[in-house]
Amino acid sequence: MPKSQAKPPVTAPAIIGKVWKLRFDFLPLATVTIDEEKAAPFIKQMVEFWMSWEDNLEEAGGDYTRAWLKMLGLFIVNNGKPPRNDEGWCDLDGSFGITLNDWDRYEPDESGLEIIEA
């Protein structure tokens, strides 16, 4: 009688890349995994899509990934959601080497708003 062999469990493929955590006002905003080799051309295109991209890149010390991560963080803060089918952004589902693992909606504290008569 042949021995039965147990099949290994089926698991989801591992996400390969460097993990980045974005924070805003010390609060968690998003976690992103970037496969730097696969994502590099797409990150460059997204950074260079926007006006003033040279200034953004310079502020990031010439690092396209950091410039893009800042843009992503500001997009989430300003829109209350990550980019999805938005002009100038690729899918963040891993197909372009970028996976948005999680994100939190940032809601600023209204008590920080000041109104000053000039």
Side-chain angles (χ1 to χ4, degrees):
M1 182 189 276
K3 292 182 180 179
S4 63
Q5 294 184 2
K7 292 183 180 179
V10 177
T11 58
I15 298 173
I16 299 171
K18 186 172 186 176
V19 177
W20 296 87
K21 293 185 179 216
L22 305 180
R23 294 182 175 271
F24 193 82
D25 284 343
F26 304 103
L27 298 172
L29 185 61
T31 305
V32 182
T33 302
I34 299 176
D35 176 341
E36 294 175 348
E37 186 176 327
K38 184 176 180 180
F42 304 110
I43 287 175
K44 185 176 188 293
Q45 287 175 2
M46 287 185 283
V47 168
E48 293 179 359
F49 178 82
W50 303 102
M51 290 177 26
S52 303
W53 70 268
E54 295 98 340
D55 296 333
N56 295 335
L57 186 60
E58 185 178 329
E59 287 176 18
D63 185 325
Y64 275 91
T65 299
R66 288 183 180 273
W68 181 82
L69 287 164
K70 181 177 179 182
M71 291 170 39
L72 175 63
L74 292 173
F75 187 98
I76 293 171
V77 168
N78 291 331
N79 294 285
K81 66 175 188 70
R84 183 179 214 162
N85 299 321
D86 289 286
E87 185 178 15
W89 294 90
C90 72
D91 292 336
L92 305 179
D93 61 0
S95 57
F96 292 91
I98 305 166
T99 303
L100 180 63
N101 302 321
D102 59 51
W103 68 280
D104 289 317
R105 183 183 191 110
Y106 177 78
E107 295 183 22
D109 181 4
E110 293 178 15
S111 67
L113 177 66
E114 289 186 58
I115 300 173
I116 302 169
E117 186 173 342

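Note: hydrogens, waters and symmetry copies are ignored here, and every other heavy atom, side chains too, is used.
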Check your understanding: How would you list, by chain and number, every residue that makes a side-chain contact (heavy atoms from CB on, under 4.5 Å) with Ala39, sequence neighbours excluded?
Key -> Ile34, Ile43, Ile98
Practice item. Give every residue pair that meets the salt bridge (charged side-chain N to carboxylate O under 4.0 Å, His left out) criterion with at least one member in residues 40-51, sequence neighbours excluded. Key: Lys44-Glu48
Review point. Sequence neighbours excluded, which residues qualify as salt bridge (Lys or Arg N to Asp or Glu O under 4.0 Å) partners of Glu36?
Key: none
Practice item. Report the distance from atom CZ of Phe42 to atom OG of Ser95, rounding to the nearest 0.5 Å. Key: 8.0 Å
Check your understanding: Can you hop from Leu69 to Leu27 via hydrophobic side chains spaced under 4.5 Å?
Key -> yes
Review point. Quick one: side-chain hydrogen bond (donor to acceptor under 3.5 Å, both in side chains) partners of Asn85, sequence neighbours excluded?
Key: none
Review point. What about Phe49 and Leu72, same hydrophobic cluster or not, with Ile/Leu/Val/Met/Phe/Trp/Tyr joined at side-chain heavy-atom distances under 4.5 Å?
Key: yes
Revision key, fill the gap. Between the OG1 atom in Thr99 and the CG atom in Leu92, the distance rounded to the nearest 0.5 Å is 8.5 Å
Practice item. Quick one: list whatever passes salt bridge (Lys or Arg N to Asp or Glu O under 4.0 Å) with Lys81, sequence neighbours left out. Key: Asp86
Check your understanding: Which residue pairs satisfy the side chain to side chain donor-acceptor pair (under 3.5 Å) criterion with at least one member in residues 49-63, sequence neighbours excluded?
Key -> Glu59-Lys70
Review point. Does any pair with a residue in residues 18-28 pass side chain to side chain donor-acceptor pair (under 3.5 Å), and if so which ones, sequence neighbours excluded?
Key: Asp25-Tyr106
**Study point:** Test salt bridge (Lys or Arg N to Asp or Glu O under 4.0 Å) applied to Lys38 - qualifying residues, sequence neighbours left out
**Key:** none
Check your understanding: Looking at residues at least two apart in the chain, or sitting in another chain, which of them share a side-chain contact (heavy atoms from CB on, under 4.5 Å) with Asn78?
Key -> Leu74
Study note, to complete from the structure: Applying side-chain hydrogen bond (donor to acceptor under 3.5 Å, both in side chains) to Asp102 and not counting sequence neighbours gives Thr31
Revision key, fill the gap. On a heavy-atom basis, the closest approach of Pro82 and Ile76 is CA-CG1, 3.7 Å
Check your understanding: Does Phe75 have any ring-ring contact (aromatic ring centres under 6.0 Å, His included) partners at least two apart in sequence or in another chain, and if so, which?
Key -> Trp89
**Study point:** Heavy-atom pair of closest approach, residues Met46 and Cys90
**Key:** SD-N, 3.3 Å
Practice item. Just jot down the salt bridge (Lys or Arg N to Asp or Glu O under 4.0 Å) partners of Arg105, sequence neighbours excluded, or say none. Key: Glu107
Study note, to complete from the structure: Between the CG atom in Leu22 and the CG atom in Asp104, the distance rounded to the nearest 0.5 Å is 11.0 Å
